[in-house]
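Please read the structure below before turning to the comments.
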Amino acid sequence: MEPANAHLTTLKGAYDHELMEVTVRVRRYAGQGASAETRAYTVEVPTTATLLDCLDAIRDHHDGTLAYRKSCRMAVCGSCGMRMDGGAVLACKTAMRPFVDAGHVVTVAPMGNLPVIRDLVVDMEPFWAKIRAVKPYLDTGGEAAPEKEWLVTPQQSQTLSKEALCIMCGCCVSECNSMESDPDFLGPAALAKAYRFVGDVRDGDARNRLRELSGEHGIWDCTRCYFCNQRCPKGVDPRDAIAKLGAEAFRERFERDPGAKHAKVFVNSTHKGGYLRETELVPKTLGPVAAITQIPFALQLARAGKVPNPLAPHKAKDNAEVKRLWKLLEAEASHDRDRAERPSSNGTEG
Amino acid sequence: MIRHDVVVVGAGCAGMRAAIEAKRAGVDVAVVSKLHPTRSHSGAAEGGINAALGNATEDSPETHTFDTVKGSDYLGDQDAIEVMCREAPGDIYELEHMGAIFSRSADGRLAQRPFGAAGAPRTVYSADITGHVLIHVLYEQLVKHDVKVYEEFHCTRLVVDGGRCAGVLAWDLVRGGIVPIEAKHVILATGGVGRMYYGTTNAYACTGDGMSLAWRAGVPLKDMEFMQFHPTTLKANGVLITEGCRGEGGYLRNKDGDRFMAVDAPNAMELASRDVVSRAEWKEIADGRGVDGCVLLDLTHLGPKKIKTRLPGSRELALDYAGVDPINEPIPVRPGAHYHMGGVDVDVWGESIVPGLWAAGEAACVSVHGANRLGGNSLMETITFGRRAGHATGQRVRDEGDVGARIEAAVVADEQRRIEALLRADDGERPAVIREELAKTMYDKAGVFRTERVLSECRETVHELRGRARTLRLEDRGRVFNSDLVSALELEAMLECADCLVTGALARQESRGAHSRLDFTARDDDHWMRHTLAWCDRGEVRLDYKPVTITKYQPLVRTY
């Protein structure tokens, strides 16, 4: 007997979606020596469709040979990083409607700084090798775990709120300028992961971590182009994590890397006079002997009119304001230090 | 030939937790997964993980047990539920010691939030990205313990040799080719099968691969008719908006602005059990009191601060996929297939009836969730039962030594032929066409409300689709990263799971938990307080039943 309320079994209009037509140009590459080409596809998808939905429509109904990675389609698994119009995006987090409305046809290609396997699929192993290189797990430094949880205040835990969001999609690495010239640079994702432990009050190995990270291919090899912050789909801001690592490394007196010295000159020079004393930059970064080898380069710059007068006083007009800013920064830093104390255990009572 | 003591298939929370524990037991363990571990769907879990820590208010494992038994509509095995609720606090502390970044209360202890059908605020969480935090901490431990991972290897077959599991055959997605991997013990931790439904919160990868592997290897699938529909999913793509939104005080409203939960759950309101809330929503929408096929999840009264600190992920999802900022306006939501209570029939250590074959997590059915899972219990299940399976297989390896199970060359050759034939096939339909038809059929006819008629139609369609899927047309014939091939393999698995689900649902003439029959509206403990077992009988589904384990909670009428 069919019950009177049998209409409840099926939702009417469950599949009603407004549709739109989208054209996507896709970089195709069959792998291993084949030549790459860009092919355009036009698909009909709901107006809410993302770039990933468009790729799915292509593969399901137009061209089953298109290769790309996907899984969660909700910007948490990190599978679908790729380049759209030259910059890294998560395909599943990129709505297509604005491009359609603007009459713009997007071009997608694989992420940069990683070897391409096929079409939009890159080899992520170099990425993961760098993650493994930063000892990516908590090390309490031999301190025995409490019976219950470590006590960590919300403020202490807050220091990791951004780095904890990282989904390892590789979008930052794809756009990293330093990595382009130095493929061995640890890169934004691994360094953000490193800060996730350095900044964790439960971790007891920060000093060793910072020593390692202060070496070649580490913290100081970042050129501060901020592309990683700009392209991170999760708001991790890897460049900020690298800056925090630099500050921590200074506190631990790991200052021997030329990059660290370079940063130090910036800091001291502006602290003193509110301006950067550029003539001091090279000798203090590289040391007096190595600086001599740079003289021909300096002369070349001078000829091009790019060297400031070394005899000018180099003191800022508003130096008092600079000093006030310094005070603010120092107060903020000491506040951060207060937060970063070792946790206590909660072994006695629930 | 590659050999390991223990092979874990799947690298979500259950699989990684199992592998870590087996490694700690000192045996040689490897993980085989079609995705890189951190891409697994456990990472999408949002709201939290339940353990009676008593940090927020007084709580106990006994209360957690009772809530779970009641939530299961008395189909959960009470011995298994007791195990989970007793061991949960220790497992949570261990995750915290591993480095999990959980949300904290002002005194530094783990914060706990209220969740549906729970007698106390019991859900430990990390804002609304709890699964993400757990999957990354477990991956960190996998790296620390130097566990071998075969990444992007799709298991196509379990090898049973002389009555025991001897390992797996896997397709190497990046390089192409079938790779045999021998093991003394195989733990299936491949997750659920939500993708057989059109409206689902599940990732594309959730295609029931492990369940299908076990079924074909002679292990029954248990309680497959119980698919949980989550009450708050987005219409555009099924993405989940966490129960934490209601835990934090969100309301559900119909098009008239009424909080309609007052009708079916006047006490618990929006925090009633998921099956109850999904049915109430479905009725509102089907009876014309919805808005564009949805009801409204209203968070506006929570204020921007609470939304930004406790529910930032949900806000991001609503902005990205519904174009709505929940600070200013309600989010349109509807029920979507979310969690499969059914799975590979295993005991409280994760062991199946085939020696050497184990399962944990959503792929398994222990059963702790019975007919309906409580929010926050699935992450807990993955950790507790993943750990137990890892521990038990580790012990077994040390006790038993070489068990002599081998993968014969002929078996490998046979599988290679099957895959090569699939790669060459060109006289059938595209996998996507059949997959889309399956997904709509299941959403329309095996959804929140069911009747004999729609289930019969559904079963007929599923059988027809299984027939049509025997000949598929692949367009990609290459060996490097051939996702067309994977989609064909996944379709096969989903169709088998769908057949088990609908066959079990048609037979079960009662309403219990997530299985709601409009033609048999009452729970019938005399006839149906028993587990359904779906066996593979020459490719067809054959049903059988077994009793539910009751320790101290006699069935009561379930109201919220």
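Here the structure is a predicted model, which is why all the values come from computation and not from measurement. Quick note on labels: first sequence line is chain A, next is B, and so on, each numbered from 1.
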Discussion item. Tell me the closest heavy-atom pair linking Asp60(A) and Arg430(B), and the distance in Å.
Written reply: O-NE, 4.0 Å

Practice prompt. For each of Gly64(A), Ser161(A), Ala164(A), tally heavy-atom pairs with chain B at distances under 4.5 Å, and name the one with the top tally.
Written response: Gly64(A)

Item to complete: Could you list the residues that satisfy side-chain contact (heavy atoms from CB on, under 4.5 Å) with Asp119(A), not counting sequence neighbours?
Response: Arg28(A), Leu66(A), Ala67(A)

Discussion item. Please rank Val448(B), Asp287(B), Leu474(B) by heavy-atom pairs under 4.5 Å with chain A and give me the top one.
Written reply: Asp287(B)

Discussion item. Taking every non-hydrogen pair under 4.5 Å, which of Ala106(B), Gly293(B), Gly447(B) racks up the most with chain A?
Written reply: Ala106(B)

Item to complete: For Met74(A) and Leu240(B), work out which heavy atoms get closest and say how close.
Response: CE-O, 4.4 Å

Discussion item. On a heavy-atom basis, which atom in Leu11(A) and which in Ile285(B) lie closest, and how many Å separate them?
Written reply: CD2-CG2, 3.7 Å

Practice prompt. Locate the shortest heavy-atom distance separating Ser79(A) from Arg39(B); write the atom from each residue and the value.
Written response: OG-CD, 3.5 Å

Worksheet item: Quick one: of Glu151(B), His41(B), Arg334(B), Arg279(B), who has the most non-hydrogen atom pairs under 4.5 Å with chain A?
Response: Arg334(B)

Discussion item. If we define contacts as heavy-atom pairs under 4.5 Å, which of Asp56(A), Asp53(A), Thr50(A) has the most with chain B?
Written reply: Asp56(A)

Discussion item. Quick check against the 3.5 Å criterion: does Trp150(A) have a side-chain atom that pairs as donor or acceptor with the backbone of Glu96(B)?
Written reply: no

Item to complete: Looking only at non-hydrogen atoms, find the nearest pair between Leu138(A) and Gly99(B) and report the distance.
Response: CD2-CA, 3.7 Å

Fill in: Interface residue of largest heavy-atom contact number with chain A, from Met98(B), Glu452(B), Lys445(B), under 4.5 Å
Met98(B)

Worksheet item: Heavy-atom distance under 4.5 Å to chain B: side chain of Tyr68(A), backbone, both or neither?
Response: backbone

Response to the item:
Most contact-rich option vs chain B, by heavy-atom pairs under 4.5 angstrom, among Lys193(A), Arg196(A), Lys135(A), is Arg196(A)

Worksheet entry | Salt bridge present between Arg69(A) and Glu152(B) (N-O < 4.0 angstrom) | yes

Practice prompt. Could you pull out the closest heavy-atom pair between His97(B) and Lys148(A), with the gap in Å?
Written response: NE2-O, 2.6 Å

Worksheet entry | Pairing residues for Lys144(B) by the side-chain contact (heavy atoms from CB on, under 4.5 Å) criterion, not counting sequence neighbours | Tyr137(A), Gln141(B)

Worksheet, complete the sentence: Interface check, chain A: of Trp282(B), Phe102(B), Tyr139(B), most non-hydrogen pairs under 4.5 Å belong to Trp282(B)

Fill in: Options Glu94(B), Arg473(B), Arg435(B), ranked by heavy-atom pairs under 4.5 Å with chain A, top entry
Arg435(B)

Worksheet item: Can you name the side-chain contact (heavy atoms from CB on, under 4.5 Å) partners of Lys12(A), sequence neighbours left out?
Response: none

Worksheet entry | Residues of residues 124-132 of chain A contacting chain B, heavy-atom criterion under 4.5 Å, by residue number | Met124(A), Trp128(A), Arg132(A)

